[in-house]
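In what follows, a structure is listed as structure tokens, so that the remarks can point back to it.
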Amino acid sequence: MISFEESIATAVAATGTFKKEEVIPLLSIPQETTHGNFSLPCFALAKTLRKAPKIIAEEIASQIVLPLGLSKVEPVNGYLNFFIDRDFLAQSVLEAVAATQLSYGHFAPNNKTVVIDYSSPNIGKELAFHHLRSTMIGNSLARIYKAAGYRVERVNHLGDWGTAFGKLIVMYLREDRKTDPATLDSLTVKELNILYSSFSKASKEEPELEDAARAAFSKLETGDVFYRTLWLAFRAATLKELMRIYNMMGVSFDHYTGESFYEPLMPAVIEELQQKNLMTHSQERDVVMLDEFNLGPCLIRKSDGSTLYATRDLAAAIYRKKEFNFDKCLYVVDLGQSLHFKQVFHVLEKMGREWYTDMYHIPFGVILNQSEDGKWEKGKTRTGTASLLRDVIEAASEKILTFIDEKNPELENKAAVATQIGISALTFNDLKNRRLMDVKFDWDSALSFEGATGPYVQNAHVRLCSIMRKAGYTVNVADVDWKILTDDYSYELIKVLSRKGDRIRQACEIDEPSVLAQYALEIAEAAHRYIHNDRVLGSPEEKARLFLVQSTQVVLENVLDLLGLFPIRAM
RNA sequence: GCCCUCAUAGCUCAGUUGGAUAGAGCGCGCCCCUCCUAAGGGUGAAACCUGCGUUCGACUCGCGGUGGGGGUACCA
């Protein structure tokens, strides 16, 4: 199918004014309905043609031969406004939806591979609310990239290696806990979390504990069997809880390759750095200097010889390139780590890995918590200022359940649906704004489900499903009279549906799920308005209108899915 | 100090890649359930941090301020 933009461009070019390739980037979609579907500003030509834009627009309008599907063109104040035939638009959009269903607006495979690293929580700590961001942004990006034609490798780069484990080990042994298999097997994240905070507290009194932790990690890294047993137990306990939450959220990964996975690969990295003469010894540590990029040094090895996360990220990047031969590799990590990624990418550059330009840090704003003196600052798991993810999910689900009891007490599987709506609400709240925006967390707004929220979008989907259910039959494309779908409400809704492909492309280009979240709101809004104004069941226009309802439902269902929201059918 | 990032209505945010009269939600004022889920629809008041610059045209791009947040060698 030839796009409207293209046929307009061809027609305009035929008048001998604009060149065809000049037109498409200039075409915009006016916000005013009275300005048509596409608008071409003619100001750019004023200089070369030595004419007023107003005159140019009028001349083109009088000479142009309208392509198929356009009903009129109108010159106004130097703009050229194009109007699409309403029934032509209805037919071309809805036929495409009918033919492609959930994959309407998706792109053909492009033979490119993208690796997306997201969620990547630290083992030994409970998931805090801020982990929702990386998890859901990454989850949505993975779905968006797939829709855009990419092969996607979803990687959970678990933080299961590093000094943190030294801390846990030190604390565990210091508290003289049992280390028999049964006890280790029944460990919970909660206990580990407490162990963590006790370490932080204790190390304030005894700073030498920090050294003990580093030593313990060093011992772990050099292969101490007993320490490794403890480490495995800590890891397993966390993973169990992690999987429970991921399942509940509908999130999954192709690879759970944590930092420890790269442990055997690190000596090669260090050797290469040495061979290429990139590593220098400074302040007792092994570093790569990055002065030429106006950056501080990248730390490769501590004074006791153990590695840091930059070392492991280098090994991981090299491994991923070899394993997946990616065209892009994304790191969905908060903006506080942008320096770290800049350093890692530049070290790769210095190592001669020319694919370092395919590595992208996809930063997002941090969750801010209000402290007692009223200032907003980054929450800390350690000090307990950050809320736990499972607590927030639980509170959201509970609140939704009271809604259901009030509005639709007969609903089946109330509790399960409430959880799905609750999680979707939190997810949507996280995705609806540009990812770089900081999020000020407070319980009231996190649990506010009125207005532009997940439940609003889900409700639109539910109402569409409800109409379809009550109709009891589905309409075939061949039986639709397109002329019926030309009133203002149908037309506005169809226009929204027609933009799906554009939105997917844009969301993918700028790695921004909020593009689709805003789009979901647009669909929901147009759908709510449509079914409020155009009665479907029992009306003379029932067939055509029901077909529009079906089409809208399919489009919305997939958009919800691309965002990682549950497209529920009853609430 | 240096680096990154954000600034639009009372509050929380959109703004189609530089285009015409800057849009929503919450809150505030009204209206609409004998009507497919009122978790809805309609309607009113209300805004581009500041100064230069680029441009036919700037909320959007560039430079300088101001304010919030984050980062800045052995945590991740």
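Since the model is a prediction, treat every value here as computed from it, not as a measurement. Order of the sequence lines fixes the chain letters, A, B, ..., with proteins taken first and strands second; residue numbering starts at 1 for each chain. Values below: all heavy atoms of this structure, side chains included; hydrogens, waters and symmetry mates excluded.
Heavy atoms of A/Ala460 sit nowhere under 4.0 angstrom from any nucleic acid atom. A/Asn77 comes within 4.0 angstrom of no nucleic acid atom, judged by non-hydrogen atoms across all strands. Among the protein residues, A/Ile404 comes within range of the nucleic acid bases, having at least one heavy atom under 4.0 Å from a base atom. Residue contacts shown for A/His35 include a base, since a base heavy atom lies under 4.0 Å away. Within 4.0 Å (heavy atoms only), A/Glu284 reaches no atom of the nucleic acid at all.
For B/G67, the paired base is B/C6 (Watson-Crick or G-U wobble, both distances below 3.5 Å). Across all strands shown, the partner of B/G1 is B/U72, judged by Watson-Crick or G-U wobble contacts whose two distances both fall under 3.5 Å. Pair assignment for B/G53 gives B/C61, based on Watson-Crick or G-U wobble hydrogen-bonding distances that are each under 3.5 Å.
Counting atom types as modelled, A/Ser39 pairs a side-chain N or O with a base atom of B/A20 as donor and acceptor under 3.5 Å. A donor and an acceptor atom never sit less than 3.5 Å apart when one is taken from the side chain of A/Thr163 and the other from the base of B/C75. Between the side chain of A/Asp438 and the base of B/A7 there is no donor-acceptor pair of N/O atoms closer than 3.5 Å.
For A/Phe129 and A/Phe441, the ring centers sit closer than 6.0 Å to each other. Outside the 6.0 Å centre-distance limit, the rings of A/Phe261 and A/Tyr256 are not counted as a close aromatic pair. Remark: aromatic rings of A/Tyr331 and A/Tyr360 are distant, center separation not under 6.0 Å. Taking the six-membered ring for Trp, A/Tyr262 and A/Trp161 have ring centres at least 6.0 Å apart.
Between A/Asp211 atom CG and B/C74 atom C1' there is a gap of 11 Å when expressed in whole angstrom units. Atom CZ in A/Phe441 sits roughly 16 Å away from atom P in B/U12 (whole-Å rounding). Taking atom NZ of A/Lys440 as the reference point, atom C1' of B/C11 lies 9 Å away to the nearest angstrom. For A/Gln518 and B/U12, the CD to P distance is 17 Å, given to the nearest whole Å. Separating the NZ atom of A/Lys432 from the P atom of B/C26 is a distance of 10 Å, rounded to the nearest angstrom. When the P atom of B/G42 is taken as reference, atom NE2 of A/His528 falls 10 Å away, rounded to whole Å. Between the C1' atom of B/C35 and the CD1 atom of A/Ile467 lies a distance of 12 Å, rounded to the nearest Å. Atom pair A/Trp161:CH2 and B/C74:P shows a separation of 21 Å (rounding to whole Å applied).
In the set B/G70, B/A76, B/C26, B/G70 carries the atom at the smallest distance from any side-chain atom of A/Lys378. The side chain of A/Ile531 approaches B/C36 more closely than any other nucleotide in the set B/C36, B/U21, B/A76. Residue A/Asn459 places its side chain closer to B/A39 than to any other of B/G27, B/G41, B/A39. With B/C13, B/C6, B/G40 as the candidates, the nucleotide lying closest to the side chain of A/Leu436 is B/C6.
A close approach under 4.0 Å does not occur between any side-chain nitrogen or oxygen of A/Tyr331 and OP1 or OP2 of B/A76. In this model, the phosphate group of B/G15 is approached by a side-chain N or O of A/Arg434 to a distance below 4.0 Å at OP1 or OP2. When the side-chain nitrogen and oxygen atoms of A/Arg463 are compared with OP1 and OP2 of B/G40, none of them lie within a distance under 4.0 Å. Here A/Lys47 does not reach the OP1 or OP2 of B/U55: none of its side-chain N or O atoms lies under 4.0 Å away.
No option in A/Leu80, A/Ile60, A/Leu40 other than A/Leu80 meets the side-chain contact (heavy atoms from CB on, under 4.5 Å) test with A/Pro75.
Taking the salt bridge (charged side-chain N to carboxylate O under 4.0 Å, His left out) definition, one finds that A/Arg133 meets it with A/Asp430, sequence neighbours left out.
RNA chain B is contacted by both A/Val462 and A/Glu509; A/Glu509 maps to the nucleotide lying nearer its 5′ end (nearest heavy atom per residue).
Between the side chain of A/Asn408 and the backbone N or O of A/Met571, at least one donor-acceptor pair lies under 3.5 Å. When atom types are taken as modelled, the side chain of A/Asp334 and the backbone of A/Phe364 share no donor-acceptor pair closer than 3.5 angstrom.
Glycosidic conformation, B/C33: syn, with the torsion inside 90° of 0. Glycosidic conformation of B/U60 is anti; the angle lies outside 90° of 0.
In this structure, A/Phe43 does not pack face-to-face on the six-membered ring of B/G57, missing the 5.5 Å centre cutoff or the 30° plane limit. Under the stacking criterion of a centre-to-centre distance below 5.5 angstrom and an interplanar angle below 30°, A/Tyr79 sits stacked against the six-membered ring of B/A20.
In this structure, CD in A/Gln518 is found 12.0 Å from CD1 in A/Ile523, a value given to the nearest 0.5 Å.
Scanning residues 405-428 of chain A for heavy-atom distances under 4.0 Å to RNA chain B yields A/Lys407. Within residues 492-507 of chain A, the residues approached by RNA chain B to less than 4.0 Å at the level of any non-hydrogen atom are A/Gln506, in residue-number order.
The cationic atom of A/Lys399 (NZ for Lys, CZ for Arg) lies less than 6.0 Å from the six-membered ring centre of A/Phe449 and within 45° of the ring axis. For the pair A/Lys342 and A/Phe293, the NZ or CZ position fails the cation-pi test of under 6.0 Å to the six-membered ring centre and within 45 degrees of the ring normal.
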Decide yes or no on side-chain hydrogen bond (donor to acceptor under 3.5 Å, both in side chains) for A/Asp487 and A/Ser490, but give the supporting numbers first. CA-CA 6 Å; A/Asp487 67 285; A/Ser490 307; 2.4 Å; yes

